[in-house]
Amino acid sequence: MLILLAFIIVFHITSAALLFISTIDNAWWVGDNFSTDVWRICDMNTSTCVAITDQFQEYQSIQAVQATMILSTIFCCVAFLVFILQLFRLKQGERFVLTSIIQLLSCLCVMIAASIYTDRHEELHKNNQYSTEVSKGQYGYSFVLAWIAFAFTLISGVMYLVLRKRK
């Protein structure tokens with residue numbers, strides 16, 4: 001039982017780390033001389049970064065991605081704290097339903113963010129206001145980590161739903 005508990009805790013911390021990295025790091029869309037994320041666009045040739053502001057045409061889409069990624073990260077961290085609290089407060093045989101619901105909300109938020117970015121990436125990168133040509137890029141590792149975090153949070157959310165407290 002202790003090994004299972006350790007695995008669940010490590011799995012949840014890994015999910016949170018993936019969410020933090022994919023939200024913060026600058027690699028959602030990359031090319032030979034640039035990288036972009038949901039916060040800024042960086043030109044590798046001049047070593048400058050420009051924040052994405054409301055001057056960009058698809059700013060509402062980026063804001064939706066930003067908001068849902070932040071919510072996903074917050075929900076994941078809150079779910080971990082709730083799990084620790086429920087670990088000591090639940091009676092034997094009860095399920096970790098509250099933890100599961102919060103973790104599945106985190107899963108839903110990261111899925112929404114990655115889906116919006118997937119759907120809107122062509123419009124996001126055709127903008128003429130960029131200082132460098134970003135339309136000839138590809139998805140970066142932060143984008144891939146967001147989808148992996150989706151799978152991890154989904155698995156852990158279901159795992160918490162099935163899990164019962166034992167002695």
Side-chain angles (χ1 to χ4, degrees), residues 1-30 35-41 51-52 54 56 58-125 137-167:
M1 184 63 189
L2 193 58
I3 294 171
L4 179 65
L5 181 63
F7 171 75
I8 290 169
I9 290 172
V10 167
F11 196 77
H12 197 117
I13 291 172
T14 303
S15 300
L18 289 173
L19 286 169
F20 272 108
I21 293 168
S22 64
T23 303
I24 295 169
D25 208 8
N26 191 25
W28 278 65
W29 187 258
V30 295
S35 64
T36 69
D37 66 353
V38 295
W39 307 103
R40 64 188 176 278
I41 303 144
I52 298 174
D54 59 354
F56 291 92
E58 289 293 323
Y59 186 62
Q60 295 82 10
S61 299
I62 286 291
Q63 273 191 319
V65 174
Q66 289 172 348
T68 52
M69 284 303 292
I70 290 170
L71 275 174
S72 177
T73 307
I74 290 170
F75 280 142
C76 188
C77 293
V78 168
F80 184 71
L81 294 175
V82 169
F83 172 68
I84 298 299
L85 288 174
Q86 283 187 324
L87 201 56
F88 295 107
R89 303 285 292 166
L90 281 180
K91 296 175 186 161
Q92 184 178 350
E94 291 184 6
R95 296 186 187 270
F96 294 89
V97 175
L98 182 59
T99 303
S100 175
I101 290 170
I102 296 170
Q103 190 69 352
L104 289 173
L105 281 173
S106 174
C107 171
L108 178 68
C109 286
V110 73
M111 182 197 66
I112 290 170
S115 297
I116 290 172
Y117 197 86
T118 303
D119 180 54
R120 307 300 297 171
H121 83 277
E122 289 180 6
E123 289 81 11
L124 290 170
H125 301 118
Q138 59 194 15
Y139 291 113
Y141 69 88
S142 292
F143 176 78
V144 174
L145 287 179
W147 279 111
I148 293 171
F150 162 70
F152 274 40
T153 53
L154 178 64
I155 291 167
S156 65
V158 171
M159 194 167 39
Y160 287 128
L161 195 58
V162 173
L163 188 67
R164 290 181 184 263
K165 184 177 179 185
R166 296 186 182 158
K167 278 190 174 186

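Fair warning: this is a prediction, and the values are worked out from it, not measured in the lab.
When every heavy atom of Cys76 is checked against every heavy atom of Leu19, the shortest pair comes out as CB-CD1, 3.6 Å. In this structure, Asp37 and Trp39 approach most closely via the heavy-atom pair OD1-N, 2.8 Å. Taking all atoms of both residues into account, the shortest heavy-atom contact from Val38 to Ile62 is O-CG2, 3.3 Å. The minimum heavy-atom distance linking Ala79 with His12 is given by the pair CB-CE1, 3.7 Å. Between Thr23 and Met69 the shortest heavy-atom distance is OG1-CE, 3.3 Å. Closest heavy-atom contact between Val30 and Ser35: CG1-CB, 3.9 Å.
Residues Ser72 and Ser106 have side chains that bring a donor and an acceptor to within less than 3.5 angstrom of each other.
Taken to the nearest 0.5 Å, the CD1 atom of Ile21 stands 11.0 Å off from the OG1 atom of Thr73. Taken to the nearest 0.5 Å, the CD1 atom of Ile3 stands 12.0 Å off from the CD1 atom of Ile8. Atom CD1 of Ile24 is separated from atom CD1 of Ile70 by 9.5 Å, given to the nearest 0.5 angstrom. Residue Leu87 holds its CG atom at 6.5 Å from CD1 of Ile9, rounded to the nearest 0.5 Å. For the atom pair CD1 (Ile13) and SG (Cys77), the distance works out to 10.0 Å, reported to the nearest 0.5 Å. The distance from atom CG of Leu161 to atom CG of Leu104, rounded to the nearest 0.5 Å, is 7.0 Å.
A distance-only check finds a donor-acceptor pair linking the side chain of Arg95 to the backbone of Val162 [under 3.5 Å]. A distance-only check finds no donor-acceptor pair linking the side chain of Ser22 to the backbone of Leu145 [under 3.5 Å].
Aromatic ring orientation, Phe83 versus Tyr160: tilted (interplanar angle from 30° to 60°).
Taking the ring pair (Phe, Tyr, Trp, His ring centres under 6.0 Å) definition, one finds that Phe75 meets it with nothing, sequence neighbours left out. Considering only residues two or more places apart in sequence or on other chains, Tyr117 meets the ring pair (Phe, Tyr, Trp, His ring centres under 6.0 Å) condition with Trp28, His125, Phe143. The ring pair (Phe, Tyr, Trp, His ring centres under 6.0 Å) test applied to Tyr59 returns no partner, not counting sequence neighbours.
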Next on the checklist: Applying side chain to side chain contact (heavy atoms under 4.5 Å, CB included) to Leu4 and Leu163, what does each step give before you reach the verdict?
Outcome noted: CA-CA 10 Å; Leu4 179 65; Leu163 188 67; 4.1 Å; yes
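Leu71 is not listed as a side-chain neighbour of Ile112, based on a closest heavy-atom distance of 4.5 Å or more. Between Ser100 and Met159 there is no side-chain heavy-atom pair separated by less than 4.5 Å.
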